[in-house]
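What follows is a short report on a single structure.
Letters go in sequence order (proteins before strands), and every chain restarts at 1.
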There are 2 protein chains.
Amino acid sequence: MTLQPRNGRAPSVKDVAAAAGVSLGTVSNVLNRPAVVSATTRERVERAMAELGFVRNESARQLRAGTSRALAYVMLDGGNPFFHDVAEGIETAAEDADLSLFVCNSSGRSEREVKHIDRLVQQRVQGILITPVDPDAPHLRDISQRGIPFVMVDRFSRDGGHCSVAVDDVLGGRIAVEHLIDRGHRRVAFVGGPDSIGQVRERLQGARAIWAEFGMPEEDLIHLPTEALTVAEGRSAGERLAGLPTRRRPTAAFCANDLLALGLLQHAVTAGLRVPDDLAIVGFDDIDFAAAAAVPLTSVRQPRQELGRTAARLVLDEATNPDHTHEQATFVPALVARASTGTVRR
Amino acid sequence: MTLQPRNGRAPSVKDVAAAAGVSLGTVSNVLNRPAVVSATTRERVERAMAELGFVRNESARQLRAGTSRALAYVMLDGGNPFFHDVAEGIETAAEDADLSLFVCNSSGRSEREVKHIDRLVQQRVQGILITPVDPDAPHLRDISQRGIPFVMVDRFSRDGGHCSVAVDDVLGGRIAVEHLIDRGHRRVAFVGGPDSIGQVRERLQGARAIWAEFGMPEEDLIHLPTEALTVAEGRSAGERLAGLPTRRRPTAAFCANDLLALGLLQHAVTAGLRVPDDLAIVGFDDIDFAAAAAVPLTSVRQPRQELGRTAARLVLDEATNPDHTHEQATFVPALVARASTGTVRR
DNA sequence: GCGGGCGTTTGAAATGTTTCAAGAGTCGTG
DNA sequence: CACGACTCTTGAAACATTTCAAACGCCCGC
């Protein structure tokens with residue numbers, strides 16, 4: 001392929017048609033319905049395209065079609081590998097449907113989220129997947145009202161006005177704490193916050209439920225609140241934990257996500273505590289870095305890629321199936337036991 | 001804003017014009033040159049837009065303009081937080097220029113890279129930033145030949161045919177190993193591979209250079225090759241390291257990136273080695289998880305966000321400045337000493 | 001009362017693609 | 001030889017926006 005000298009403008013179908021001595025429509029047919037055009041013509045057109053270095057103009061195509069060939073995912077925190085894995089799941093599904101995926105990152109900031117959404121609506125994307133800063137924000141409502149297929153990822157819809165995909169967080173909290181009780185722990189910390197995050201509330205709720213079911217005293221499940229779900233907050237929780245009087249100090253901690261757990265682990269190791277002997281730790285999400293930690297972390301696994309794939313499936317169904325009905329897909333989390341809760345306590 | 005019942009089509013400027021009783025051109029003026037239209041008309045048009053829930057159709061806009069209002073970054077490995085940080089830097093610069101950023105991920109697979117690039121060219125993005133699988137791949141050459149602004153990120157251009165942004169990897173290798181020599185280590189492993197990755201070669205080259213300058217015997221800098229720059233490969237390198245006869249066993253390891261270092265750290269801890277006393281570890285990149293490790297990792301810091309910002313600046317210069325000249329921006333890496341190389345050896 | 005200038009609005013053209021009804025050409029059959 | 005059937009190609013319309021020259025209305029000054 002010898003690219004023509006750029007005389008300023010990219011070659012269009014018109015140029016190709018002229019070069020091949022055929023009409024506009026024929027070039028378009030070569031592009032979209034190669035079967036209907038004769039072999040010789042097709043070949044001639046294809047040669048012309050190669051010589052000119054023709055590339056379809058996607059804007060024009062979209063304009064005509066009325067919609068773009070793309071989905072979008074607005075993730076909550078690009079720094080958390082969890083969301084990257086979800087995005088990867090979405091992308092595989094998008095690829096199967098021959099769509100591109102635009103990945104945006106709100107970084108937990110509502111105004112960025114709004115900005116991204118505005119852009120995506122302007123682009124006329126086929127559907128929007130989002131893990132929102134606030135699941136009840138009014139600008140989310142607008143998306144559905146516009147008729148744009150819309151799925152909430154890793155959050156639940158309060159009102160069923162759209163699809164959502166998430167894991168049963170209450171159950172996740174239960175199995176994490178049940179595992180710790182199994183291992184012989186009788187005083188456990190729940191590390192997580194802020195309360196405004198629904199999942200934190202639900203994981204704690206599950207933890208409390210199972211704790212009560214085992215007949216353990218309420219005050220022995222200690223809530224250490226955090227301001228965010230970050231490594232730094234995990235460290236700070238570790239300090240507070242170490243500051244507790246010995247008889248009140250938990251022998252295990254259940255963290256609302258793996259970043260917190262990694263931070264807590266770091267603090268524990270630095271402080272000379274042995275994990276799991278002095279302090280057992282359970283995380284949530286089972287990101288790759290959990291398994292990769294110096295003391296591999298026990299974690300409540302979310303099917304991250306599958307979450308993404310399902311979300312993409314739902315949004316595509318909404319986009320193409322006229323009698324689509326909204327669906328709240330719930331996945332079952334699973335405990336992955338590793339060294340950080342390794343031994344049964346004496 | 002009361003959204004009109006969706007009669008199938010999104011409202012266009014034409015609809016707005018009709019609703020406001022003005023012409024097409026006026027609506028466009030309200031959108032693009034609000035100053036030239038009278039206050040009363042503007043208000044009327046704006047009300048109409050709000051009532052109809054009008055949203056600009058970006059495709060049509062792009063078609064007219066001939067180019068999209070977006071940049072793109074094709075990253076090499078979405079699973080490595082390093083690239084996420086670079087992307088964030090790019091995004092801030094893009095935002096300042098009021099452009100969107102499309103983030104794509106080749107996952108180290110050449111065919112995905114090609115696919116992404118094809119799509120981006122079709123979208124007529126203003127410029128492409130890329131950390132390529134292979135910096136010499138012919139499809140990269142085509143991008144520039146098409147006249148699309150193009151910058152290589154974290155890789156160097158061999159021939160100066162385009163801009164690039166990277167860190168001085170040879171220097172990075174030097175300062176890592178100098179640090180270890182300083183700390184009293186006399187037998188050091190270099191963990192990294194495959195050799196096809198230029199940066200691995202250069203980091204090793206720097207390591208060897210400083211090693212020779214200090215007059216250390218060549219055979220005491222031991223190359224432990226890996227198949228990829230991943231945590232798993234780091235672990236496997238750890239096993240091989242442990243398998244060496246005691247007198248040949250290094251007291252420190254310099255890893256070609258932080259993922260390897262984390263894997264190596266994990267293996268060491270599992271094997272009961274004390275870090276840094278039995279084995280000191282230096283990583284490269286200084287991703288957040290390096291600082292968050294149970295034994296915080298010493299690492300060679302790359303200015304990740306700045307790398308991204310600069311790359312975006314360069315691509316924008318190429319896009320807008322008629323007498324742009326290609327530039328190879330080089331950043332100076334810096335050692336961040338942490339606990340994993342903590343003590344001076346007796 | 002008329003021309004000039006100013007601020008505002010208009011209408012048409014242009015962007016690149018796809019679609020689709022209609023046309024052209026060819027071949028075989030009655 | 002005429003007609004229908006079939007294959008292939010054509011040309012025009014449509015998509016939603018922006019731009020820009022031209023028109024419009026109005027006031028001012030002469």
### Query
Can you check the B/N57 CG to C/dG16 P distance for me, whole Å?
16 Å

### Message
Between P on C/dT15 and CZ on A/R9, what's the gap in Å once rounded to a whole number?
### Response
7 Å

### Task
Kindly indicate whether the side chain of B/V74, heavy atoms from C-beta on, has any atom under 4.5 Å from the side chain of B/R112.
no

### Message
Closest approach to the side chain of A/S12, judged atom by atom: which nucleotide of D/dT17, C/dT17, D/dT18 is it?
### Response
C/dT17

### Task
Check DNA chain C against residues 118-127 of chain A and give the residues with a non-hydrogen atom under 4.0 Å, in numerical order.
none

### Query
B/R69 CZ to D/dT17 C1': how many Å, rounded?
14 Å

What pairs of nitrogen or oxygen atoms, one from the protein and one from nucleotides 26-28 of chain D, lie under 3.5 Å apart?
none

### Query
Shortest non-hydrogen contact from B/A311 to B/V153?
CB-CG2, 3.8 Å

### Task
Return the 5'-most residue of the pair B/G21, B/R64 with respect to DNA chain C, ranking by each residue's nearest nucleotide.
B/G21

### Query
Is the backbone of B/P34 close enough, under 3.5 Å, to the side chain of B/R42 for a donor and an acceptor to pair up by distance?
yes

### Message
Without decimals, in angstroms, what is the distance between A/L24 CG and C/dA22 P?
### Response
20 Å

### Message
I want to check one thing: is the phosphate of D/dC8, taken as OP1 and OP2, less than 4.0 Å away from some side-chain N or O of A/R33?
### Response
no

### Query
Is there a side-chain contact between A/V167 and A/P303 (heavy atoms, below 4.5 Å)?
yes

### Query
In whole angstroms, how far is the C1' atom of D/dT19 from the CZ atom of B/R61?
13 Å

### Query
Nearest-Å distance, CZ (B/F54) to P (D/dA16)?
10 Å

### Query
What pair of heavy atoms forms the shortest contact from A/M152 to A/P135, and how long is it?
CE-O, 3.3 Å

### Query
Are B/V30 and B/V22 close enough that some pair of their side-chain heavy atoms sits under 4.5 Å apart?
no

### Message
In whole Å, I'd like the distance from the CG atom of A/D15 to the C1' atom of C/dT17.
### Response
13 Å

### Task
Just say parallel, tilted or perpendicular for the rings of B/H162 and B/F150, cut-offs at 30° and 60°.
perpendicular

### Message
I want to check one thing: is the phosphate of D/dT18, taken as OP1 and OP2, less than 4.0 Å away from some side-chain N or O of B/N32?
### Response
yes

### A/R109: partners by salt bridge (charged side-chain N to carboxylate O under 4.0 Å, His left out), with sequence neighbours left out
A/E111

### Query
Which part of the nucleic acid does B/G25 contact within heavy-atom distance under 4.0 Å: base, sugar-phosphate only, or nothing?
base

Side-chain donor-acceptor pairs under 3.5 Å in residues 77-87 of chain A, sequence neighbours left out?
| from | atom 1 | to | atom 2 | distance (Å) |
| --- | --- | --- | --- | --- |
| A/D77 | OD1 | A/G79 | N | 2.8 |
| A/N80 | OD1 | A/F82 | N | 3.0 |
| A/H84 | NE2 | B/G78 | O | 3.4 |
| A/D85 | OD2 | A/R304 | NE | 2.6 |
| A/D85 | OD2 | A/R304 | NH2 | 3.2 |

### Task
Could you check how far NZ of A/K14 sits from P of C/dT15, rounded to whole Å?
6 Å

### Query
If only atom types and distance count, is the side chain of B/N321 paired as donor or acceptor with the main-chain N or O of B/D317 below 3.5 Å?
no

### Considering all heavy atoms, the nearest B/A319-B/Q126 contact
CB-O, 4.1 Å

### Message
As a test of reading the structure: which of C/dG16, D/dT18, D/dA16 is closest to the side chain of B/L63, going by heavy atoms?
### Response
C/dG16

Check: protein-nucleotides 7-9 of chain C nitrogen or oxygen pairs below 3.5 Å:
| from | atom 1 | to | atom 2 | distance (Å) |
| --- | --- | --- | --- | --- |
| C/dT9 | OP1 | B/S38 | OG | 3.2 |
| C/dT9 | OP1 | B/T41 | OG1 | 2.3 |
| C/dT9 | OP2 | B/S38 | N | 3.2 |

### Task
With sequence neighbours excluded, give me every salt bridge (charged side-chain N to carboxylate O under 4.0 Å, His left out) pair touching residues 10-33 of chain A.
A/R9-A/D15

